[in-house]
> 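Structure provided below as structure tokens; questions to follow.
Ligands are counted one by one from 1 in listed order, and the atoms in each one are counted from 1 as well.
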Amino acid sequence: APPYTLYDAAAPALLSGETHDIDLVVEEKDMTVAKGFVQHVWTFNGTVPGPVIRVKLGDTVRIHLKNPASNKLAHSVDFHASQVAWNDEMTSINPGEEKLYEWKAEYAGVWMYHCGTSPALHHIANGMYGMVIVEPQGGLPAVDHEFALVQSEWYLGPQGEPASLTKAAAAAPAPDYVVFNGVANQYKDTPIKVETGKRVRVFVLNAGPSVDSSFHVVGTIFNTVIKEGVALTADNAGHYGSQAVDLAPAQGAIIEFTTAEDGLYPIVTHAFNFVGRGALGLFQAGDGDPKK
Ligand SMILES: [Cu+2]
């Protein structure tokens with residue numbers, strides 16, 4: 001298997017303007033999803049997850065979904081940030097077709113998008129998902145670092161073939177890997193660098209398809225958690241904090257914390273059976289060495 005491609009964890013900047021024309025091109029391709037394992041994945045714009053789309057409340061988003069003739073399967077897209085009829089914008093298109101899916105960002109938050117073509121379980125399990133960030137009224141306050149992390153599962157099929165629908169469909173799903181941004185352990189191999197004592201914001205989404213996340217960053221306390229429209233903010237009168245954020249499949253959150261000293265701060269789901277199966281990354285504060 002070729003080496004995997006690192007997925008940049010930095011959150012993209014807010015798109016400028018009020019109307020956004022965005023191409024989502026479906027690409028069916030090989031991808032190294034963990035060291036030694038290649039799957040024939042289905043993607044939006046060639047990556048798993050697909051691109052992070054960041055807009056603000058009130059914006060109009062015009063998604064141009066394209067399914068090139070070189071693909072083998074029908075595909076579609078479902079934006080959870082939109083309010084549209086399922087049998088209108090979300091219908092599937094065949095190879096060689098394209099369609100426009102226009103929606104208005106009417107609610108702020110961290111949202112999932114995914115292919116909904118039957119069996120949607122397989123299209124999600126094989127890579128067709130991504131994150132939408134809708135900034136709230138007045139925008140998000142400035143912080144020092146912003147990242148986007150999408151948790152998801154891999155149910156490996158044979159080398160070079162799509163993920164296993166049979167394994168994904170098990171009543172008690174047992175993924176081979178649970179990963180952040182598509183690849184097992186990539187941020188353990190290449191830690192995400194932050195400055196010590198600076199404010200870090202992470203947009204987190206659990207794309208599933210089926211396993212819950214308990215998102216936790218070892219050695220930190222979240223002083224801000226905005227999850228599914230419910231907000232814990234750093235200025236709360238009782239000075240409450242949060243240690244782990246439970247995200248069922250398709251739920252998202254904005255979390256914020258600071259690192260107390262130079263060192264390493266593991267990124268995990270505290271559903272700990274998955275930490276040894278790919279769900280481990282690192283934030284590195286400063287040079288990573290607390291002793292210096
Ligand atoms: Cu699809």
> Of all residues at least two apart in sequence or in a different chain, which pass the salt bridge (Lys or Arg N to Asp or Glu O under 4.0 Å) check with Asp23?
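Partners of Asp23 under the salt bridge (Lys or Arg N to Asp or Glu O under 4.0 Å) test: Lys66.
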> Run the side chain to side chain contact (heavy atoms under 4.5 Å, CB included) test against Ile226 and tell me which residues pass, sequence neighbours left out.
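If we apply the side chain to side chain contact (heavy atoms under 4.5 Å, CB included) test to Ile226, skipping adjacent residues, the hits are Thr224, Ala231, Ile254.
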> Below 30° counts as parallel, above 60° as perpendicular, anything between as tilted: where do the rings of Phe283 and Phe147 land?
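Taking Phe147 first and then Phe283, their aromatic rings sit tilted (interplane angle of 30° to 60°).
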> With sequence neighbours left out, write down each residue that passes salt bridge (Lys or Arg N to Asp or Glu O under 4.0 Å) with Lys291, or none if nothing qualifies.
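In terms of salt bridge (Lys or Arg N to Asp or Glu O under 4.0 Å), with neighbours along the sequence ignored, Lys291 is linked to no residue.
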> Anything protein N, O or S sitting under 2.8 Å from the Cu ion (ligand 1): count it and give me the total.
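Near the Cu ion (ligand 1), the number of protein N, O or S atoms below 2.8 Å is 4.
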> Do NZ/NE/NH1/NH2 and the carboxylate oxygens of Arg199 and Asp144 come within less than 4.0 Å?
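A salt bridge is absent here (no side-chain N lies under 4.0 Å from a carboxylate O).
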> Quiz question: by atom type and distance under 3.5 Å, do the side chains of Thr196 and Asp262 form a donor-acceptor pair?
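Yes, side-chain donor-acceptor contact under 3.5 Å.
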